[in-house]
Amino acid sequence: MSVISAEPEAAPTAERPQHWVSYPYFLWRSIVLATDGSLMFYAWMTMLTAVALVGANAWAHQVVEGMGVTHMSDHVSWGLYIANFTFAVGLAAGGVMMVIPAYLYHDEDMHKVVIVGELLAIAAIVMCLMFVVADLGRPDRFWHMIPGIGRFNWPVSMLTWDVIVLNVYLLLNLHICGYLLYMRFLGRQPSARWYVPFVFLSIFWAISIHTVTAFLYCGLGGRPFWNSALLAPRFLASAFVSGPAFIIVTLLAIRRLTAFEISEAPIRTLIAIVRVTILVNLLMLASELFTAFYTGGAHATSAEYLFFGLHGADGLVPWTWTSIVFNVLATAGFLYPNVVRNLPLLVVSCALAFCGIWIEKGMGLIVPGFIPSTLHELIEYSPSLVEWKITAGVWAFGLLVFTAALKIALPVLTGEAREKIV
Amino acid sequence: MSDSTPTQLPVLNNACSRRTALKAIGATLGAAAFARALAPLTEWTADLSVDEFLQKHYMELSPEELKAVFVRLEEETKQDYGADVTIADPRPLPGVKFGYALNLSICIGCRKCAEACHQENNHDRPSGNSYIRVLEMAKGSIDLEQGNVDYDHPVPHEDKFYMPVQCQQCDNPPCVHVCPVEATWKEEDGIVVVDYNWCIGCRYCEAACPYHARRFNWVKPQVPTEEINPDQGYLSNRIRPQGVIEKCTYCLHRTREGRMPACLEACPTGARVFGNLLDPDSEIRWVLANKRVFVLKEELGTRPSFFYFFDV
């Protein structure tokens, strides 16, 4: 899609090559850039490929033998895949915390690195789509969902809304990144009208993807654990912790591993954002816990299972307390006044926040929605080896996409890619 | 470093070309590994016929196309399960809306209904699947939280009463609303059905149902040839494919032809009352008019067509 939409309308002049020549050349150079690097780069990419292949193989077995190879059941009918899907949606939305300062408030320092957030959105949405496909019992019937040739239950089914917002968000980011990089590759000034409207649309859209994903769950009256008006706001708050945390670590890694210059300013801004969002998220958690436990009754049984265990069933208790400890420690780390200069502390805080939210928005959100079941049966769930393999494979593929995208984008932005060809 | 290498192949001398060559080898190996990793899929695609892959939604199939689908499915059942079956598609009867009522005072919790469902609907044998779960409840509460399905002692137990739960055929069915591909819908006579050949297996309906009425085919169902019920409906008890959702259909292949659901016939105490809600002379209408009936989880607004009542 980006191939089509990235075509600018400016008429090529004599010294400028035609787009039908320069665009394929740009794509070819991108492939070269994405596959070229140090020994460490090759080792990293080989490792990711290997893990992705293990995942692909596990998925092939799951398709042939049936979803019975997972540990999901008619009681806990969504598990690790949907948990990771939910978290990855947040990661994709989190990139917008770079876009808003860069474009809405003209933060020049953020503007120089904003593409990292947009590329993260692309990689994360790719992961989301893969997790959804991994969760389908009949991936061969995927076409039934395509509007026009299938039957798309829009607007009633929230899942169709999610399909729309996720795919459009992917296209928006592909277009924005594709267009900007192509223009930089040609050494031309990007034309604002070809990308700025899309950037503003993407801000709105980033909010929508996580809101709609929350609506998937909170719209279900039969699942009291999810049926809370706080779900969507909490999704957003936690997404704006995990996304920026991941981006901070990425920026630090880029600064360390490449010649690409990254100033302290964007990192400082991201830390300032996380300082607010991480507290808002904790506040909402406290609010939910109070409502559940002070009231008690049937609405609190899932929360009771999640935090303390129920009638001897306590599979998620270690997960959820790990998440809470991680989130609280990360909060302390981020609130430490000079965390931007204390890199080990910053990286550890980011990692703790990222993992804490991965549990909270993943296993800690999806699984207790099913426990106890709607007939109040207590059937527990812990993922099977196949589920772990597929999940690791999707993550590896996502990181592969993200790394390759950065390998292309950074030299194009510095003009290095252009110099090499002239 | 290329300068110090003795000349063998020109391509290997040039650092840039050598790198390209190595990349090409790497890409080839990668592609081969990928094909190898996904190789199990070939076994699966061999099983999947083109006709099945391209089959349209139930409502878009013409009568001739439907007929062809039934023939294909009958052949597949013969091939996979060794049984000669007839797949038909009885349509809703005009002026009929089915309702079900269950007398909690006389249900003894024997689970004969669940067993009959298991056999009638060609359920997977190893999992012992059934569309009915029977809850053993403590007297003094109709809170499902007090229920227990895993009881294993002679019934009825003195201090307990029993509550079988199956699809409530809601008039406002959350499962139908959430389906992204319209693979499940409510028919004229009130029965919520699934097109097993259209369902993509996302299990959103299973998450949405407040009554645990839906089941997923985690594996290909196993039923011994001699135990297969050959009297099958396309939208009801035909053997389901792997990876799709299924549910209770009030045995529409029986009830639309004037017979009673299998669970009712199996009930030894007569606790079950089934009939046409639109017929003022039906037994179910008598129950609704003369007994204090209630529905499960009324507060959710699902408006079930399945009622419970007590005699005393």
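A note on names: the letters A, B, ... follow the listed sequences, proteins ahead of strands, and every chain is numbered from 1.
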A.B. asks: Under a 4.5 Å cut-off applied to non-hydrogen side-chain atoms, are A:Val63 and B:Leu41 in contact?
C.D. replies: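 Yes, close enough: below the 4.5 Å cut-off.
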A.B. asks: Measure centre to centre between the rings of B:Trp44 and A:Trp59, then say whether the value is under 6.0 Å.
C.D. replies: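 When the ring centroids of B:Trp44 and A:Trp59 are compared, they turn out to be at least 6.0 Å apart.
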A.B. asks: Run the side chain to side chain contact (heavy atoms under 4.5 Å, CB included) test against A:Thr391 and tell me which residues pass, sequence neighbours left out.
C.D. replies: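 Listed in chain order: A:Leu80, A:Tyr81, A:Asn84, A:Phe131, A:Trp395.
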A.B. asks: Under a 4.5 Å heavy-atom cut-off, does chain B meet the side chain of A:Leu216, its backbone, both or neither?
C.D. replies: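 When you check distances to chain B, atoms from both the backbone and side chain of A:Leu216 fall under 4.5 Å.
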A.B. asks: Any salt bridge linking B:Lys220 with A:Glu65? Criterion: basic side-chain nitrogen under 4.0 Å from a carboxylate oxygen.
C.D. replies: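 The answer is no: the pair does not qualify as a salt bridge.
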A.B. asks: Which atoms of B:Val181 come close to chain A, meaning under 4.5 Å heavy atom to heavy atom: side chain ones, backbone ones, both, or neither?
C.D. replies: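 Interface part for B:Val181: both.
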A.B. asks: Is a side-chain donor or acceptor of A:Arg223 paired with a backbone partner of B:Ala207 at a separation under 3.5 angstrom?
C.D. replies: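 The answer is yes, because a donor-acceptor pair under 3.5 Å joins these two groups.
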A.B. asks: Where the side chain of A:Arg151 meets the backbone of B:Ala183, is there a donor-acceptor pair that is under 3.5 Å apart?
C.D. replies: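 Judged by distance alone, no pair lies under 3.5 Å.
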A.B. asks: Does any donor atom in the side chain of A:Asp74 or B:Trp218 lie under 3.5 Å from an acceptor atom in the other side chain?
C.D. replies: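 Distance-only check passes for A:Asp74 and B:Trp218.
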A.B. asks: Between A:Thr46 and chain B, which part of the residue has a heavy atom less than 4.5 Å away: side chain, backbone, both or neither?
C.D. replies: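 Neither part.
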A.B. asks: Given a strict heavy-atom distance threshold of 4.5 Å, which part of B:Val149 is in contact with chain A: side chain, backbone, both, or neither?
C.D. replies: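 The side chain, not the backbone.
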A.B. asks: Can you sort out the partners of B:Lys247 under side-chain hydrogen bond (donor to acceptor under 3.5 Å, both in side chains), two or more places apart, ordered by chain and number?
C.D. replies: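 B:Lys247 satisfies side-chain hydrogen bond (donor to acceptor under 3.5 Å, both in side chains) with B:Gln169 once adjacent residues are dropped.
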A.B. asks: Mind telling me whether A:Trp143 and B:Trp198 have parallel, tilted or perpendicular rings, with 30° and 60° as the class edges?
C.D. replies: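 The rings of B:Trp198 and A:Trp143 stand perpendicular, inter-plane angle above 60°.
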A.B. asks: Non-hydrogen contacts under 4.5 angstrom with chain A: give the residues of residues 132-146 of chain B involved, or none if there are none.
C.D. replies: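 Those residues of residues 132-146 of chain B which have a heavy atom under 4.5 Å from chain A are B:Arg133, B:Leu135, B:Leu144, B:Glu145.
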A.B. asks: Would you say A:Thr374 and B:Lys297 make side-chain contact, with heavy atoms under 4.5 Å?
C.D. replies: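 Touching, per the 4.5 Å side-chain cut-off.
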A.B. asks: Is chain B contacted by the side chain of A:Thr49, its backbone, both, or neither, given a heavy-atom distance below 4.5 Å?
C.D. replies: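 Answer is neither: A:Thr49 stays 4.5 Å or more from chain B.
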A.B. asks: Side chain, backbone, both or neither: which part of B:Glu206 has an atom under 4.5 Å from a heavy atom of chain A?
C.D. replies: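 Both backbone and side chain.
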A.B. asks: Answer yes when A:Arg138 and B:Glu52 have at least one side-chain N-carboxylate O distance shorter than 4.0 Å, and no when they do not.
C.D. replies: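 Yes.
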A.B. asks: Are B:His57 and A:His144, when compared by the centres of their aromatic rings, separated by less than 6.0 Å?
C.D. replies: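 Centroid separation for B:His57 and A:His144: 6.0 Å or greater.
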A.B. asks: Applying salt bridge (charged side-chain N to carboxylate O under 4.0 Å, His left out), can you list everything that pairs with B:Lys56, at least two apart in sequence or on another chain?
C.D. replies: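 Salt bridge (charged side-chain N to carboxylate O under 4.0 Å, His left out) list for B:Lys56, sorted by chain: B:Glu65.
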A.B. asks: Run the salt-bridge test on B:Arg19 and A:Asp36 with the 4.0 Å N-O cut-off and return the result as yes or no.
C.D. replies: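 Salt bridge between B:Arg19 and A:Asp36, a charged N being under 4.0 Å from a carboxylate O: yes.
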